[in-house]
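The first residue in the sequence is number 1, and the count goes up from there.
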Amino acid sequence: MSLSNQRRLAAEVLGIGETRVWIDPTRFEDVVAAITREDIRNLIKEGVIRARPERGVSRGRCRIARLQKKKGLRKGPGSRKGTVEGDEWEFRIRSMRAFLRLLKKRKIITPGIYRELYLKAKGGAFHNKRQLKTYIEEHGLARR
C-alpha cells in the first residue's frame with residue numbers, strides 16, 4: 001500500500017516538503033489507517049511521523065578551494081572576472097600602497113598625508129608610482 005497521500009498530508013500539516021517527511025517503518029499499519037489530517041496530527045504527536053532535518057549546502061568544497069587560493073593556486077586568467085584593466089589596476093594600486101606604507105614607516109610623510117594620498121591613489125589620481133612620487137615632490141609633502 002502506498003503512503004503518498006499520508007506523506008502529502010503530513011507535509012502540509014508540518015509545513016515542509018514531502019521528501020522531508022519521515023515515517024516510522026515499524027508503525028506502517030497505523031499510518032496506512034490514517035486518512036484524515038486529525039489522524040496525521042495524532043501520529044505526529046506520537047512521534048510516528050517526523051520532519052527530517054533540513055539539508056544545507058556543504059561548505060567542504062569551498063574550504064578546499066579557499067586553502068588552494070591561499071597557496072596561490074586557482075588564480076589564473078581563467079578564474080578571473082572583470083576586465084584586464086581591473087587586473088592592471090590591482091597591480092598598480094598595490095605598488096603605490098606599498099610605497100606609501102614605506103614612506104609612512106620611515107616618517108617621510110605624516111599619517112594624515114598618508115591617508116590623503118592613499119585615498120587619492122584609490123580614486124585614480126595617479127596612474128603609477130612615479131606620478132605619485134612626482135606629486136609628493138611638487139607639493140612639498142615629504143619632510144626630510
Side-chain angles (χ1 to χ4, degrees), residues 2-28 30-31 34-144:
S2 175
L3 298 177
S4 58
N5 197 37
Q6 285 83 346
R7 188 176 291 279
R8 181 184 59 77
L9 284 171
E12 286 180 20
V13 170
L14 290 167
I16 57 172
E18 289 180 35
T19 55
R20 279 187 56 207
V21 174
W22 178 84
I23 299 170
D24 190 351
T26 59
R27 302 278 300 272
F28 185 79
D30 296 339
V31 179
I35 54 171
T36 65
R37 285 174 191 271
E38 196 55 45
D39 294 339
I40 297 292
R41 280 192 204 100
N42 289 334
L43 290 173
I44 290 168
K45 279 181 192 165
E46 290 174 33
V48 177
I49 297 173
R50 274 186 258 154
R52 283 196 181 109
E54 278 187 52
R55 271 195 234 133
V57 177
S58 170
R59 297 276 305 154
R61 288 181 303 280
C62 179
R63 285 190 198 103
I64 291 166
R66 196 174 338 121
L67 286 171
Q68 295 284 300
K69 284 183 180 179
K70 211 172 175 183
K71 289 186 222 169
L73 304 174
R74 300 177 70 136
K75 289 188 170 186
S79 303
R80 294 179 194 173
K81 290 182 180 178
T83 61
V84 175
E85 289 81 18
D87 280 345
E88 287 172 4
W89 182 84
E90 194 177 317
F91 295 124
R92 281 199 318 264
I93 197 71
R94 282 179 182 174
S95 72
M96 285 190 268
R97 285 174 176 173
F99 178 63
L100 286 171
R101 274 195 302 274
L102 180 79
L103 293 178
K104 187 174 80 165
K105 185 181 171 192
R106 291 187 179 171
K107 303 219 186 306
I108 295 170
I109 58 172
T110 63
I113 291 170
Y114 165 81
R115 179 53 44 195
E116 184 185 317
L117 294 172
Y118 186 97
L119 293 172
K120 279 186 188 298
K122 181 185 177 185
F126 316 113
H127 287 103
N128 50 38
K129 198 166 94 173
R130 191 189 66 215
Q131 265 194 355
L132 174 60
K133 219 182 272 187
T134 308
Y135 181 88
I136 291 168
E137 288 166 6
E138 283 178 1
H139 289 81
L141 300 175
R143 56 180 180 183
R144 299 251 174 205

- Starting at CD1 of Ile23, measure out to CG of Leu3 and round the result to the nearest 0.5 Å. 5.0 Å
- Message: Please report the interatomic distance CD1(Ile108) to CG(Leu102), rounded to the nearest 0.5 Å.
- Response: 6.5 Å
- Message: Would you say CD of Glu54 has more than 12 non-hydrogen atoms from neighbouring residues, nucleotides or ligands within 6.0 angstrom?
- Response: no
- Side chains of Glu90 and Arg94: does their closest heavy-atom pair fall under 4.5 Å? yes
- Query: Do you know which two heavy atoms are closest between Asp30 and Leu43, and how far apart they sit?
  - Reply: O-CD1, 4.0 Å
- Nearest-0.5 Å distance that lies between atom CG in Leu132 and atom CD in Glu137: 10.0 Å
- Message: Between Arg20 (side chain only) and Arg52 (backbone N and O only), is there a donor and an acceptor less than 3.5 Å apart?
- Response: yes
- Does anything in residues 99-131 pair up under ring-ring contact (aromatic ring centres under 6.0 Å, His included), and if so which pairs, sequence neighbours excluded? Tyr114-Tyr118, Phe126-Tyr135
- Note on the structure: Shortest non-hydrogen pair, Ala125 vs Gln131, comes out as O-OE1, 4.0 Å
- Which atom of Ile49 lies closest to which atom of Ala10, heavy atoms considered: CG2-CB, 3.8 Å
- Note on the structure: side-chain contact (heavy atoms from CB on, under 4.5 Å) with Arg66: of Arg59, Arg61, Arg74, only one passes, and it is Arg59
- Task: Of all the heavy-atom pairs spanning Glu12 and Arg37, show the shortest one and how long it is.
- Result: OE1-NH2, 2.6 Å
